[in-house]
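All residue numbers refer to positions in the sequence shown, counting from 1.
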Amino acid sequence: MNLRRDVFQAIADPTRRSILVLVAAQSMTAGAIASNFDTARPTVSKHLQILTECELLTQEQNGREIIYHLNPNKMKEIADFIEPFRKMWDDRFNALENVMKAYQKKNK
């Protein structure tokens, strides 16, 4: 059975988020990525497989090495999904800030 991985399940894992941060700064091989973690290389390879299946990372064959690149289009899809929630919370925090300022003025 071939299950399609969910992008939000993929980014829920802190190690995978760390991998995304690394690869966002610079495209890297699996070995270079694995050298940043205190975990077995097969574990990092599994994380890379999940991120690739979710299309958060793309692969480029360079001789015998595979270079991993961040897929900005897929990251934009995530950001676009999250944006309305961020705006909602910004609006709520701004309203709370206004209430607190009015309260402080009243009690001076």
Residue pair A30 / R41: nearest heavy atoms and the distance that separates them: CB-NH2, 3.8 Å

Within-4.5 Å side-chain heavy-atom neighbours: I33 and L48: yes

Ionic contact status for D90 with R86, cut-off 4.0 Å: yes

Salt bridge present between E83 and K87 (N-O < 4.0 angstrom): no

Joint cluster assignment, I78 & F85, ILVMFWY side-chain distance < 4.5 Å: yes

Residues forming a side-chain hydrogen bond (donor to acceptor under 3.5 Å, both in side chains) with R64, sequence neighbours excluded: none

T29 vs I66, side chain to side chain contact (heavy atoms under 4.5 Å, CB included): CA-CA, chis, key distance, verdict: CA-CA 6 Å; T29 64; I66 295 175; over 6 Å; no

From CA spacing to verdict: side chain to side chain contact (heavy atoms under 4.5 Å, CB included), L70, L56: CA-CA 6 Å; L70 187 70; L56 291 167; 5.6 Å; no

R16 and its side-chain contact (heavy atoms from CB on, under 4.5 Å) partner, picked from V44, L57, I50: I50

Heavy-atom donor-acceptor pair, D6 side chain to Q9 backbone, under 3.5 Å: yes

Side chains of Q59 and T52 in contact at under 4.5 Å (non-hydrogen atoms): yes

I67 vs M28 side-chain heavy atoms within contact, under 4.5 Å: no

Under the side-chain hydrogen bond (donor to acceptor under 3.5 Å, both in side chains) test, residues paired with Q61 that sit two or more places apart: none

Contact check, side chains of Q26 and L22, non-hydrogen atoms, under 4.5 Å: no

Joint cluster assignment, F81 & V7, ILVMFWY side-chain distance < 4.5 Å: yes

Contacts of F37 that satisfy ring pair (Phe, Tyr, Trp, His ring centres under 6.0 Å) - sequence neighbours left out: none

Contact summary for V23 and Y68, nearest pair of heavy atoms: CG1-O, 3.4 Å

Least distance between heavy atoms, P84 atom then D80 atom: CD-O, 3.4 Å

Exercise: do S27 and H69 side chains pair donor with acceptor under 3.5 Å: yes

